Amino acid sequence: MAVGVKPRVKVPKTAAAGDVITIKTLISHKMESGQRKDSDGNKIPQSIINTFTCDFNGQNVMSVELHGAISTNPYFQFKATVPESGDFNFTWYDDDGSVYTETKSIAVG
Amino acid sequence: MNFTRRDALILGAGAATVALLPVQAFASPVDDAIAAFTGGAATTEGGIELTAPEIAENGNTVPVSVSAPGAVSIILISTGNPVPDVCTFNFGALSGSQFGSTRIRLAGTQDVIAVAKMADGSFVQTSSVVKVTIGGCGG
Amino acid sequence: MIGSNLLRVASIATIASLAFGTITANAQSLIINEEELMITQAPAAAHLENLDEVFSGWIYRTKETQSLQLDDFDNPGMIFVDQALDEWAKVDGSAGKSCAACHTGGPAEFAGLRTVLPRWDDEAGAIQSMEDYINECRTERMQADAWKWSGTSMTAMTALISLESRGMPVNVVIDGPASDAWEQGKDIYYTRVGQLDMSCANCHENNYDTMIRADHLSQGQTNGFPVYRLKNAKLNSTHARFKGCMKNIRATPYKEGSDEFRALELYVASRGNGLSVEGASVRN
């Protein structure tokens with residue numbers, strides 16, 4: 001597992017049924033692009049988060065395929081429709097096989 | 001041998017011409033990246049909006065956002081990076097609007113292209129030029 | 001007509017600013033999380049002979065860079081603050097202590113501390129920066145290894161502690177026992193060094209608000225430190241920034257944590273007395 005990887009997610013705590021809400025996510029990750037060389041001139045192999053997904057109560061909100069051109073500490077902002085109370089599940093997939101997850105609840109009422 | 005600046009320029013120009021030849025003969029990596037997303041289908045303009053700074057203070061972190069109402073997915077492509085693909089947003093059933101915002105790396109001043117696949121299988125495309133600046137002392 | 005008068009005033013202002021080469025275009029208020037107003041412009045401290053006003057480096061950035069600091073979630077520096085909070089609670093060293101073991105009031109115990117650092121410390125008999133205090137805690141009370149001056153753990157911790165002073169004006173003391181170091185820092189600030197033969201003042205006092213190639217020069221204020229730079233996508237300490245500047249002018253930099261850089265840190269901080277601490281700020 002890459003060192004010091006920490007996700008941050010911002011989701012409103014409450015919403016009305018059917019509301020469209022804004023979600024922001026950030027995860028600390030080097031996103032080694034595979035384009036850099038070390039001091040000996042050898043290419044540093046790519047090591048990035050390659051996929052990010054957001055689901056709500058088992059239904060998909062959005063997924064993103066990432067490449068080396070996504071900045072260090074990948075940030076995403078997007079919109080979700082909230083039909084009912086439940087949990088947002090966020091998952092980041094690392095090239096090294098690590099999977100990072102975060103869950104945020106929202107109350108509809 | 002005396003290797004003058006003029007010689008170097010001439011050599012450089014020759015090399016550049018050679019380097020350009022295959023680009024004219026075959027599709028560019030950028031075209032390939034777009035074709036891989038569209039399956040070779042034609043794209044039209046309109047119905048997609050790409051927001052990027054006109055001038056980026058640092059190419060390492062350039063905020064961009066893209067929106068295409070009714071899209072199934074949107075791909076971002078850089079025309080001046082070593083690898084054209086930047087990212088692809090795929091919108092699910094609970095997507096509130098077909099919008100995504102992120103921060104990207106740009107190796108230099110270039111066009112950023114966004115292509116959206118619409119629900120009916122058609123494709124729309126737009127692009128935006130971003131000037132990438134270099135810090136004062138080269139730092 | 002009022003409209004056309006306004007237009008005329010605006011165009012005169014534009015011409016005037018062009019004539020004098022000032023290009024501040026992004027002046028707006030820095031309000032973080034829609035509630036915390038930062039002081040980004042203040043009357044210069046009495047000791048500043050050559051400036052009337054001081055400005056946070058935030059106002060010289062493009063609106064895209066500026067906006068990254070308007071919301072703590074958009075500010076990538078804040079993930080390191082989160083990491084520092086984890087570190088705060090983590091036991092390290094042979095004394096079996098965490099930061100939280102002694103500082104039971106949490107990081108909030110340090111509200112206001114960032115505004116007065118670096119400062120003269122009687123016990124140490126020297127100017128001390130926040131990094132010195134953190135490492136003193138680590139080595140003496142926690143019996144843990146000292147952190148590297150600009151390492152990830154250190155800059156994250158200084159960000160966490162600085163955040164407790166966010167919005168409060170910088171107010172370092174420059175007289176009394178601090179005066180020798182302050183004078184030394186001032187000397188360094190005005191001394192031309194390196195192959196480019198430049199002093200801090202050449203850029204940050206004589207030429208702020210102009211372009212150095214494609215970069216909009218600031219006054220080089222330190223109220224925003226530690227700062228998340230888009231350039232290297234991490235938090236940067238003041239000493240690391242000083243070092244970078246010195247390298248850029250092809251000078252041999254002092255060492256991070258050296259007395260020279262502590263003195264310079266004190267002097268430069270005093271040039272920004274009155275500007276808000278911005279916790280972890282965002283710059284290019």
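Note on naming: letters A, B, ... go to the chains in the order of the sequence lines (proteins, then strands), and numbering restarts at 1 for each one. Here the structure is a predicted model, which means the values were calculated and not measured.
- With a threshold of 4.5 angstrom between heavy atoms, S33(A) approaches chain B through its backbone and through its side chain.
- The interface of residues 70-87 of chain B with chain A, defined by heavy-atom distances below 4.5 Å, comprises N81(B), P82(B), V83(B), D85(B), V86(B), C87(B).
- For K24(A), the NZ atom is densely surrounded, since the number of other residues' heavy atoms within 6.0 Å is greater than 12.
- Around the CD atom of Q35(A), the shell of radius 6.0 Å holds more than 12 heavy atoms that belong to other residues, nucleotides or ligands.
- For the pair F89(B) and F76(A), the minimum side-chain heavy-atom distance is below 4.5 Å.
- Counting only heavy atoms from C-beta outward, the side chains of R105(B) and S71(A) approach each other to under 4.5 Å.
- Ranking N60(B), L106(B), T61(B) against chain A, the residue ahead of the rest is T61(B), based on heavy-atom pairs under 4.5 Å.
- Q59(A) CD to S95(B) OG: the interatomic distance, rounded to the nearest 0.5 Å, is 12.0 Å.
- Residue contact with chain B, scored on non-hydrogen atoms closer than 4.5 Å, is absent for P74(A).
- For T22(A), no part lies near chain B; criterion is any non-hydrogen pair under 4.5 Å.
- Closest approach of Y75(A) and T102(B) over heavy atoms only: O-OG1, 2.8 Å.
- Rounded to the nearest 0.5 angstrom, Q77(A) CD and S101(B) OG are separated by 5.0 Å.
- L94(B) has its side chain out of reach of N60(A): every pair of non-hydrogen atoms, C-beta onward, lies at least 4.5 Å apart.
- Contact annotation for L26(A): only side-chain heavy atoms (C-beta onward) come within less than 4.5 Å of a heavy atom of chain B.
- In this structure, the portion of V20(A) lying under 4.5 Å from any heavy atom of chain B is its side chain and not its backbone.
- F99(B) and M62(A) make their closest contact through O-SD, 4.4 Å (heavy atoms, listed as atom of the first residue, atom of the second, distance).
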